[in-house]
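None of the values given here were measured: they were computed from a predicted structure.
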Amino acid sequence: MSMSQSAPLGFSARHDQMFPTLSREDIERLCRFGEPRSYKAGERVVTAGEVGPGLILVLSGKLEAIQGRGLDRPETIVTHGPGQFSGELAQLSARPSLVDIETREPVEALVIPSDRLRDLMVQEANLGERIMRALILRRVGLLESAASGPVIIGRADHPDVLRLQTFLGRNGQPHQFLDSQSDSCATTLIERFHVDSHHLPIVLCPNGKLLRDPSDTELARCIGLMRPIDATKLYDVAIVGAGPAGLAAAVYAASEGLSVIVLDCRAFGGQAGASSRIENYLGFPTGISGMALMARAYNQAQKFGAELVIPDQANGLSNGGGAASTYFLLAVGDGETLQARTVVVASGARYRRLDVPNLAQFEGSCVHYWASPIEARLCGGQEIALVGAGNSAGQAAAYLAAHTRKVWMLARGKSLEASMSRYLCERIYAQPNIEVLNETEITALEGHAGNLEHVRWRNRVTGEETTRQIGHLFLFIGADPNTDWLLKSDIMLDQKGFARTGTDCGDGRHALETSRAGVFAIGDVRSGSVKRVSAAVGEGAQVVAALHAYLAQTGAATTPATVRS
């Protein structure tokens with residue numbers, strides 16, 4: 001293998017793992033999963049924005065991976081020689097390619113399509129592990145290089161720019177951003193497409209399509225992240241929610257042969273994905289970011305053949321027209337429907353909003369519900385306020401303190417120790433630029449044109465009010481159960497709106513089964529659940545045994561993913 005003389009950012013580290021050369025024995029083991037193909041010199045084998053043929057193993061000749069061609073900034077990532085293969089995570093799930101692949105000379109290759117690539121992962125564990133690691137590392141390289149995927153053009157502080165960046169970032173999608181106020185390339189594109197500045201942001205998709213201020217769903221469909229649901233297919237299980245509980249259920253159910261589809265209205269990872277660092281999860285003594293942990297689970301679910309549809313909203317649950325013990329009909333976004341023999345409700349919780357009249361005026365631009373590198377860049381070197389006293393608030397405060405001048409941490413309680421892990425309390429108290437204000441609440445937000453300028457708060461004991469010049473506010477004040485979509489579905493909820501399960505719904509119920517046979521609830525959405533990532537993952541694993549028992553009891557024949565030899 002040879003690299004371009006100056007390797008693109010993101011592709012220089014862990015080079016041998018990212019671009020391995022397989023031995024003759026390895027290649028022989030792969031032959032049963034693919035078909036031989038020949039390509040002429042100068043032929044484009046894969047086009048960015050289009051679904052490619054799969055993983056391409058070079059037997060002779062050379063393939064070149066190129067990014068940035070859409071902006072007339074072509075850059076060679078790597079040249080694959082004999083024994084090497086092209087592809088990254090998009091090839092695992094048959095989604096559009098993020099880069100162009102071209103031949104530099106005549107090429108003889110073995111092409112392994114996506115479904116056979118998943119078979120390979122299962123049947124050739126050691127070799128599959130090396131290939132999977134390479135695919136993941138290449139996606140990481142594309143994310144770090146920020147030179148592939150859709151191109152967002154607009155003002156850096158525009159709420160819709162932040163929304164689109166956050167959506168792509170939380171879904172692990174590489175993308176580029178061009179500031180319309182400072183980037184000459186952005187100016188050129190705006191003029192080329194005759195876009196008025198008032199109509200920004202725009203998004204240029206890898207397939208060449210231009211979107212004007214698209215919704216998350218429109219963008220997801222354009223880049224192939226979201227695909228139509230087959231209304232005629234009967235799944236063994238439909239999982240609503242791709243947080244820790246939902247992804248764990250998907251991994252275990254798919255790995256045990258059940259046909260699985262997962263829906264989430266926003267992104268994989270749930271609230272755990274918004275955590276800057278999780279340090280008390282078993283097996284990670286140095287900690288891991290929530291996004292990294294959830295991305296691993298997301299990739300793992302795809303490896304075992306689970307279908308993930310994001311973003312797609314579950315709107316209701318009803319009987320599918322057959323016997324209640326056979327399947328349910330799940331109504332989803334854009335008028336689509338899907339059928340499943342069982343349903344797992346893992347829809348988690350939605351962020352609680354501050355009770356301030358003009359809050360909506362600043363949401364999306366200056367009021368934030370999670371702390372990522374995007375938000376950290378926006379408020380770098382500034383004074384910010386953060387409301388909350390739980391672990392997520394503590395993790396966010398510690399993370400943001402490294403990027404800002406001052407963090408005002410506001411808590412309604414008398415102390416952080418009552419609601420936050422001790423190690424986080426100690427870390428916060430040790431930070432010189434974090435000031436904790438207990439028994440304090442926000443009373444007003446001031447600003448204009450969507451820009452926050454001042455935040456006012458009051459001590460609940462003394463009544464003293466303080467106003468600070470602050471442009472960014474972070475809210476980590478808990479969450480409410482995301483069960484509105486179940487209100488007409490005969491699912492019993494408790495007084496706070498969480499789904500009741502087990503004996504709360506009657507005798508003979510599985511501990512995770514709701515009041516409706518074949519419908520289970522796991523994770524934060526379940527009444528009485530422990531609000532921890534590890535507990536959610538445990539329930540995701542536990543529910544699979546209940547699914548098998550229910551399917552066996554009702555006499556339903558499962559439809560495992562086809563594994564061929």
Short side-chain to backbone donor-acceptor contact, [X] and [Y], under 3.5 Å:
| X | Y | result |
| --- | --- | --- |
| R139 | G172 | yes |
| S515 | M492 | yes |
| E539 | G523 | yes |
| D312 | M226 | no |
| S215 | E218 | yes |
| E383 | V407 | no |
| K531 | S529 | yes |
| S275 | A272 | no |
| Q361 | P357 | no |
| T514 | R516 | yes |

Just by distance, with hydrogens left out, do [X] and [Y] show a side-chain donor and acceptor under 3.5 Å apart?
| X | Y | answer |
| --- | --- | --- |
| Y369 | E363 | yes |
| E307 | Y235 | yes |
| E375 | S372 | yes |

Straight-line distance of [X] [atom1] to [Y] [atom2], nearest 0.5 Å:
| X | Y | atom1 | atom2 | value |
| --- | --- | --- | --- | --- |
| R350 | N482 | CZ | CG | 5.5 Å |
| I152 | L200 | CD1 | CG | 12.0 Å |
| I229 | T337 | CD1 | OG1 | 8.0 Å |
| L258 | T342 | CG | OG1 | 7.5 Å |
| L416 | C425 | CG | SG | 5.0 Å |
| R266 | Q313 | CZ | CD | 8.5 Å |

Find out whether [X] and [Y] are in side-chain contact, i.e. whether some heavy atom of one side chain is under 4.5 Å from a heavy atom of the other.
| X | Y | value |
| --- | --- | --- |
| F177 | V161 | yes |
| L219 | L225 | no |
| S534 | L282 | no |
| R509 | R500 | no |
| N438 | K414 | no |
| L162 | Q165 | yes |
| E513 | T501 | no |
| L424 | Q395 | yes |

Taking all atoms of both residues into account, what is the closest heavy-atom pair of [X] and [Y], and its distance?
| X | Y | value |
| --- | --- | --- |
| Q173 | I223 | OE1-CD1, 4.1 Å |
| R227 | V309 | O-CG1, 4.2 Å |
| A220 | F167 | CB-CZ, 3.9 Å |
| G270 | R170 | O-NH2, 2.5 Å |
| V525 | S347 | CG2-OG, 3.7 Å |
| W485 | A314 | CB-O, 3.3 Å |

Original post:
Heavy-atom count around Q469 CD within 6.0 Å, excluding the residue itself: above 12?
Top reply: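 Open.
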
Original post:
Would you find more than 12 non-hydrogen atoms of other residues, nucleotides or ligands less than 6.0 Å from E426 atom CD?
Top reply: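 More than 12 heavy atoms, drawn from other residues, nucleotides or ligands, come within 6.0 Å of this atom.
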
Side-chain donor-acceptor contacts of residues 447-459 below 3.5 Å, not counting sequence neighbours, with atom names and distances?
from	atom 1	to	atom 2	distance (Å)
H448	ND1	E453	OE2	2.8
R456	NH2	E446	OE2	2.4
R458	NH2	E441	OE2	2.4
N459	OD1	V461	N	2.8
N459	OD1	T462	N	2.9
N459	OD1	T462	OG1	3.4

**OP:** Go through the steps for D160 and R212 under the test salt bridge (Lys or Arg N to Asp or Glu O under 4.0 Å), then give the verdict.
**Re:** CA-CA 11 Å; D160 284 317; R212 298 172 187 267; over 6 Å; no

Pairing of [X] and [Y] as salt bridge, 4.0 angstrom limit:
| X | Y | result |
| --- | --- | --- |
| D494 | K496 | no |
| R221 | E336 | yes |
| R352 | D480 | yes |

**OP:** Can you run down the side chain to side chain donor-acceptor pair (under 3.5 Å) pairs that involve residues 295-305, sequence neighbours left out, and say none if there aren't any?
**Re:**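 Sorted result for residues 295-305: S93-Q302.
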
**OP:** Applying side-chain contact (heavy atoms from CB on, under 4.5 Å), run through D216 and L164 and close with a yes or a no.
**Re:** CA-CA 7 Å; D216 294 348; L164 294 168; 4.1 Å; yes

Original post:
Relative to the ring of F476, is the ring of F474 parallel (under 30°), tilted (30 to 60°) or perpendicular (over 60°)?
Top reply: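 F474 vs F476 ring planes: parallel.
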
**OP:** Kindly determine whether T483 and I491 satisfy side-chain contact (heavy atoms from CB on, under 4.5 Å), including the steps that lead there.
**Re:** CA-CA 10 Å; T483 53; I491 301 294; over 6 Å; no

**OP:** Could you give me the CA-CA distance, side-chain angles and deciding distance for H472 and F362, then say whether side-chain contact (heavy atoms from CB on, under 4.5 Å) is met?
**Re:** CA-CA 9 Å; H472 291 276; F362 305 109; over 6 Å; no

Original post:
How far apart are the C-alpha atoms of L547 and H510, what are their side-chain angles, what is the distance that settles it, and do they pass the side-chain contact (heavy atoms from CB on, under 4.5 Å) test?
Top reply: CA-CA 10 Å; L547 293 174; H510 184 276; over 6 Å; no

Subject >> Chi angles and distances behind the salt bridge (Lys or Arg N to Asp or Glu O under 4.0 Å) call for E417, R422 >> reply: CA-CA 7 Å; E417 284 80 0; R422 182 63 192 175; 3.2 Å; yes

